**Q** 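What follows is a structure written as structure tokens; I'll ask about it next.
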Number of protein chains: 2
Amino acid sequence: MNAPASMIRLTTQRQIILEELSKVTSHPTASELYDMVRKRLPRIGLGTVYRNLELMAESGMILKIEVGGTQKRFDATTDEHYHIRCSVCGRVDDIDVPVVKELVAQAKESSAYMIQGHHVEFTGICSDCQKKQH
Amino acid sequence: MNAPASMIRLTTQRQIILEELSKVTSHPTASELYDMVRKRLPRIGLGTVYRNLELMAESGMILKIEVGGTQKRFDATTDEHYHIRCSVCGRVDDIDVPVVKELVAQAKESSAYMIQGHHVEFTGICSDCQKKQH
DNA sequence: TTACTAAATGATAATCATCATCAATTAACA
DNA sequence: TGTTAATTGATGATGATTATCATTTAGTAA
Ligand SMILES: [Mn+2]
Ligand SMILES: [Mn+2]
Ligand SMILES: [Zn+2]
Ligand SMILES: [Zn+2]
């Protein structure tokens, strides 16, 4: 009698993708995650990784970080926080700068947009790359 | 006697690309700019547009905006300012929120990175897209 | 347990943005 | 005006992401 409820299944693929992402703080790309997951599920497809990361990001379980660089990155830490990207090697780290709540308030006043959120991306050179610059 | 100075030429292509970018405040993508420029230079190649946008961005004449969305965007306004992107249609607008200089100072204290800069990207729904949501 | 079915997967192809290559053209300058 | 290295336009290559679809499977109920 009810309309068929669209079921979201708990597949092994999904669980392992989330587990592997939760293990690291490196903000891996989809294909980095694919390599990590393949050690436990050698037959998983790259498309499955993309599909599930997208789904989990939409549902708010994880964060999709779209910053500079060519690939999107993912983050199991969903607390609001900022990032810094190395302009040499592209790595992305968390940065411990407190979130500025006033920014969203100011944005609401000065824009006709319906504001949803904000993100701050710092750029710089990571310590590894600083050393390598002879 | 001097080492041959690598000459940067003032080509018509370069001038027109910069002129067209300066006309708008819409943060066009490379292919949007290609369409704009082609009206005046029908034989220009898309590669030329990419090449020159990259060059101008490196030299600081223009800004390359790498935010959410699939394509990079370009900006003739080089003063430090923040942007807002519509999560529905992807358009990018300037937002009149004052730049927070303290952010970089704080980042320098709390990170081993050599900090180069920062950018704030707000997300929201633009007024056009608000209307269309029946 | 078993059977049913819609959701999900894995393999593969398609798409899209960007970059690389290279012969032909051209801006700068002697 | 001739020389030459920088640049262009055409084209192909690359890399990331998305779409397609036959096959598999999680969830459910008999
Ligand atoms: Mn993070
Ligand atoms: Mn701008
Ligand atoms: Zn680095
Ligand atoms: Zn919009």
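What you see below is based on every heavy atom in this structure, not just the backbone, and it leaves out hydrogens, waters and symmetry mates. To find a chain, count down the sequence lines: A is the first, B the second, and so on, and within it residues start at 1. In this text the structure is predicted, and so the values were computed from the model without any measurement.
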**Q** To the nearest angstrom, how far is A:Ile16 atom CD1 from D:dA26 atom P?
**A**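 In whole Å, D:dA26 P and A:Ile16 CD1 are 12 Å from each other.
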**Q** Side-chain N or O of A:Gln13 versus OP1/OP2 of C:dG10: is the shortest distance under 4.0 Å?
**A**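 Indeed, a polar side-chain atom of A:Gln13 lies that close.
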**Q** Between C1' on D:dA16 and CG on A:Leu53, what's the gap in Å once rounded to a whole number?
**A**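 Nearest whole value for this atom pair: 13 Å.
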**Q** Given atom CZ of A:Arg73 and atom P of D:dG15, what is their separation to the nearest angstrom?
**A**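 Rounded to the whole Å, the gap is 16 Å.
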**Q** So A:Thr48, base contact, sugar-phosphate only, or nothing? Heavy-atom distance under 4.0 Å.
**A**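 If one applies the 4.0 Å heavy-atom cut-off, A:Thr48 turns out to touch a base.
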**Q** Taking the side chain of B:Arg9 as heavy atoms from C-beta outward, which of D:dT7, D:dG9, C:dA7 is closest to it?
**A**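 Of all the options, the side chain of B:Arg9 is nearest to D:dT7.
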**Q** Run the salt-bridge test on A:Glu20 and A:Lys39 with the 4.0 Å N-O cut-off and return the result as yes or no.
**A**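 Salt bridge flag = no for A:Lys39 with A:Glu20.
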**Q** Taking any heavy-atom pair under 4.0 Å as a contact, classify B:Arg43: base, sugar-phosphate, or nothing.
**A**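 Sugar-phosphate contact only.
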**Q** Within this structure, what is the CD-to-P distance between A:Glu32 and D:dG15, rounded to whole angstrom?
**A**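 My rounded result for the distance is 15 Å.
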**Q** Let me know the distance between CD1 of B:Ile8 and P of C:dA28, rounded to the nearest Å.
**A**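 Spelled out: CD1 on B:Ile8 to P on C:dA28 is 11 Å.
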**Q** Ignoring hydrogens and geometry, is there a side-chain-to-backbone donor-acceptor pair from A:Gln130 to A:Ile125 under 3.5 Å?
**A**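 Yes: the side chain of A:Gln130 pairs with the backbone of A:Ile125.
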**Q** Using heavy atoms to find the nearest nucleotide of DNA chain C for B:Thr12 and B:Ala30 separately, return the residue whose nucleotide is more 5′.
**A**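 Residue closer to the 5' terminus by nearest nucleotide: B:Ala30.
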**Q** Please tell me if B:Tyr50 has a side-chain N or O lying less than 4.0 Å from either OP1 or OP2 of C:dT18.
**A**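 For C:dT18, OP1/OP2 do have a side-chain N/O of B:Tyr50 under 4.0 Å.
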**Q** Is there a side-chain polar atom (N or O) of A:Thr11 under 4.0 Å from OP1 or OP2 of C:dT9?
**A**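 Checking A:Thr11 against C:dT9: at least one side-chain N or O falls below 4.0 Å of OP1 or OP2.
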**Q** Taking the basic N atoms (NZ, or NE/NH1/NH2) and the acidic carboxylate oxygens, is any pair closer than 4.0 Å for B:Arg73 and B:Asp75?
**A**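 Salt bridge absent between B:Arg73 and B:Asp75.
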**Q** Taking the minimum atom-to-atom distance to the side chain of A:Gln71, which one of D:dA16, D:dT7, C:dA17 wins?
**A**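 Output: D:dA16.
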**Q** Salt bridge check: are B:Glu58 and B:Lys64 linked by an N-O gap of less than 4.0 Å?
**A**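 No salt bridge links B:Glu58 with B:Lys64.
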**Q** Rounded to whole angstrom units, what separation is found between the CD1 atom of B:Ile65 and the P atom of C:dA17?
**A**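 Distance, rounded to whole Å: 17 Å.
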**Q** Nearest-Å distance, CZ (A:Arg51) to C1' (D:dT25)?
**A**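 Taking atom C1' of D:dT25 as the reference, CZ of A:Arg51 is at 13 Å.
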**Q** B:Tyr34 and B:Leu46: which non-hydrogen atoms are nearest, and at how many Å?
**A**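 Of all heavy-atom pairs spanning B:Tyr34 and B:Leu46, the closest is CE1-N, 3.5 Å.
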**Q** Just call it for A:Arg14: base, sugar-phosphate, or nothing, with non-hydrogen atoms closer than 4.0 Å on any strand.
**A**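 Counting heavy atoms under 4.0 Å across all strands, the contact made by A:Arg14 is with sugar-phosphate only.
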**Q** By nearest atom, which of the nucleotides D:dG27, C:dT18, C:dA17 is closest to the A:Leu10 side chain?
**A**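 For A:Leu10, the side-chain atoms sit closest to D:dG27.
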**Q** To the nearest angstrom, how far is A:Tyr34 atom OH from D:dG15 atom C1'?
**A**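 For the pair A:Tyr34 OH and D:dG15 C1', the rounded distance is 15 Å.
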**Q** Compare the minimum distances between each of C:dG10, D:dT18, C:dA28 and the side chain of A:Ile44, then state the nucleotide with the smallest one.
**A**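 Nearest nucleotide to the side chain: C:dG10.
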